[in-house]
Amino acid sequence: MRRLGAVILTYNSDNDLPEALKGLLAQRDVLLDIVVVDNASSAERLQRMRNAFLAALPAAGFLDAGQPIPSDYRAGDGLFVSNSSNDGYSAGNNIGARIATDLGCAAVLIVNPDVRISRSDYLSRLADALLRDDGNAVAGSAIINLSGQNENPMFEPGFVQELLAPLRMLVAAVSPRRSPSKPGRHDGGVFKLSGCCFLVRSTFLEGIGYFDRNVFLYCEEAILAAQVRTAGMRSVYVPMLEALHAHRSTAKGDPVRRQRLWSRSRQYYNARYLGYGPARLAALALSHEVVVALTWARRWIGGHR
């Protein structure tokens, strides 16, 4: 059996974690090391997650971020890692991914706590698709949200499309049923996969120095896709497999704050990975500010209806 890792990054995720663990523990034909990394949850909710983890994995080990893997750890026992600070999505997942690769896992599943996996052969088949070709770096399945829509593969805008985002927002406000843009493909694979659930080859992770922690949140998928292309490798999509993304948009918080955070991450991506010059970066920064203003206006109108 292949040895795989599964990293679940949590932040006050006590309501979701038990169901996420249930789906992972039902996986067959793989030797699975489950690593939960908690990004500084509140004390009460952290304790609930630790209790749920121990109930699911009675031999699990508990440690603080930065501590070595316990010497008595046995394959499949599971590890719960407490991080004293919340340094973001990539930094938190790096903690778990490094542990999984140190354990000898051939690939690592990065999976959000609000993802539900029902098929017991999900991981074995996803691993088959990823590891059958040395040119494959990342693999993802269909990701079905609570509205029944498939979030995979993801659409990646070009410069003009990103620049015209404010116009698309205005059009969407008038015609909310407009069909989404189609995702792109390259070199026999897809351009970009959802970050909520994907399997990544361990040797590729080690080769890129793990996930880029310069963004706190947002644009991680675009960054990973760029790293895959730079390495001359592929992201593969496996449509016959699916997972449920049980995420509720109301849980995301202030949309204006989220849009500003996305803009910062996107500007970093555009400069670092696309190599945009000052003129393009300035134009996109202005476009982002218009999007923030439109987001604020939409929130204000919604609050005064």
Can you give me the closest heavy-atom contact between [X] and [Y], atom names plus distance?
| X | Y | result |
| --- | --- | --- |
| A20 | P113 | CB-O, 3.4 Å |
| N39 | S85 | OD1-O, 3.7 Å |
| M169 | T295 | CE-OG1, 3.9 Å |
| H247 | L146 | O-CD1, 3.6 Å |
| V108 | L205 | CG2-CD1, 4.4 Å |
| G92 | V37 | O-CG1, 3.6 Å |

When you compare the side chains of S263 and Q267, does any donor N or O come within less than 3.5 Å of an acceptor on the partner? yes

Handout entry: Near-ring test F216/Y89, centroid separation under 6.0 angstrom
Key =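 Judged by ring-centre distance (under 6.0 Å), Y89 and F216 do not meet the cut-off.
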
Run the salt-bridge test on [X] and [Y] with the 4.0 Å N-O cut-off and return the result as yes or no.
| X | Y | value |
| --- | --- | --- |
| R50 | D38 | no |
| D33 | R74 | no |
| R272 | D212 | no |
| E156 | R229 | no |
| R280 | E162 | no |
| D29 | R2 | no |

Any non-hydrogen side-chain atom of [X] less than 4.5 Å from a side-chain atom of [Y]?
| X | Y | result |
| --- | --- | --- |
| V81 | F62 | no |
| L79 | I69 | yes |
| L21 | I8 | yes |
| I208 | Y210 | no |

Would you say N150's side chain and A142's backbone share a donor-acceptor pair under 3.5 angstrom?
->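 No; zero donor-acceptor contacts below 3.5 Å.
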
